A.B. asks: 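First the structure, which I've put down as structure tokens, then a few questions once you've had a look.
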Amino acid sequence: MSKAEAAEARREQIVRAARELYEERGIDRTSVTDIAARAGMTRSLFYHYFTHKDEVTAAILDGYVQGFVEAVRQWDEKRVRGDVAGALGSCVAMLRLHLFDRDSFRTDLRKSQNAQLYQRFSQ
């Protein structure tokens, strides 16, 4: 594994740890120390990959956006041209799955103290 691949794998490890903790505890009750411990590293090593907690949170949001964009692409490839009713039905199902999922992380994004993160996510 190259140095760049190892660094990317470590970043993904941190993102996964943060996402798990956000699901379990919420954003507000998760610290950088918690994330680093879950990822199996020191807090200072966390800061080698991310400058602050909001940056790792933004990486999680980027993952959600990428997942949504991929879901739209897959939906578009599978839809039958001319079948408007079928396309609308499958589109609504896809949107419900990706936009209205009520996991605790997405619920936390709506809190006023996380408004800036939510705004970045929605833009």
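Just so we're clear, the structure is a prediction, and the values are computed from it rather than from any experiment.
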A.B. asks: Say you draw a straight line from CZ of Arg16 to CZ of Arg19; how long is it, rounded to the nearest 0.5 Å?
C.D. replies: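 Arg16 CZ to Arg19 CZ: 8.0 Å, rounded to 0.5 Å.
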A.B. asks: Which residues pass the side-chain contact (heavy atoms from CB on, under 4.5 Å) test with Ala37, sequence neighbours left out?
C.D. replies: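 Result, side-chain contact (heavy atoms from CB on, under 4.5 Å) vs Ala37: none returned.
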A.B. asks: As a quick check of understanding, evaluate side-chain contact (heavy atoms from CB on, under 4.5 Å) for Ile14 and Met41, giving each step before the final call.
C.D. replies: CA-CA 9 Å; Ile14 294 167; Met41 65 182 63; 3.5 Å; yes
A.B. asks: Using the side-chain contact (heavy atoms from CB on, under 4.5 Å) criterion, which residues pair with Glu20? Sequence neighbours excluded.
C.D. replies: Glu24, Arg38
A.B. asks: Could you tell me which residues satisfy ring-ring contact (aromatic ring centres under 6.0 Å, His included) with Phe50, sequence neighbours excluded, listed by chain and number?
C.D. replies: Phe46
A.B. asks: Let me see the working for Val56 and Tyr22 under side-chain contact (heavy atoms from CB on, under 4.5 Å), right down to the final yes or no.
C.D. replies: CA-CA 11 Å; Val56 74; Tyr22 290 173; 3.9 Å; yes
A.B. asks: With a cut-off of 3.5 Å and sequence neighbours excluded, list every side-chain donor-acceptor pair involving residues 67-74.
C.D. replies:
from	atom 1	to	atom 2	distance (Å)
Glu70	OE2	Gln74	NE2	3.2

A.B. asks: Could you go through the salt bridge (Lys or Arg N to Asp or Glu O under 4.0 Å) check for Arg29 and Asp34 one step at a time?
C.D. replies: CA-CA 9 Å; Arg29 293 180 303 281; Asp34 297 330; over 6 Å; no
A.B. asks: Please identify each residue that fulfils salt bridge (charged side-chain N to carboxylate O under 4.0 Å, His left out) with Asp76, with sequence neighbours left out.
C.D. replies: Arg79, Arg81
A.B. asks: So does Glu8 get a backbone contact from the side chain of Glu12, meaning a donor-acceptor N/O pair under 3.5 Å?
C.D. replies: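 Here the side-chain-to-backbone pair does not exist.
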A.B. asks: Between CD1 of Ile60 and CD of Glu23, what distance do you get to the nearest 0.5 Å?
C.D. replies: 9.0 Å
A.B. asks: Do we see a donor-acceptor contact under 3.5 Å between the side chains of Thr57 and Asp54?
C.D. replies: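 No donor-acceptor contact under 3.5 Å links the two side chains.
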A.B. asks: Apart from Met1 itself, what residues make up its hydrophobic cluster, given side-chain heavy atom links below 4.5 Å?
C.D. replies: none
A.B. asks: To the nearest 0.5 Å, what is the distance between NE2 (His48) and CZ (Arg11)?
C.D. replies: 10.0 Å
A.B. asks: Keeping the roles fixed (side chain from Lys78, backbone from Ser90), state whether a donor-acceptor pair exists under 3.5 Å.
C.D. replies: no
A.B. asks: Donor-acceptor pair, Lys53 side chain versus Ile35 backbone, under 3.5 Å?
C.D. replies: no
A.B. asks: Ignoring hydrogens, what is the shortest heavy-atom contact between Glu55 and Tyr49? Give both atom names and the distance.
C.D. replies: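 Nearest pair, atom of Glu55 first, then Tyr49: OE2-O, 3.8 Å.
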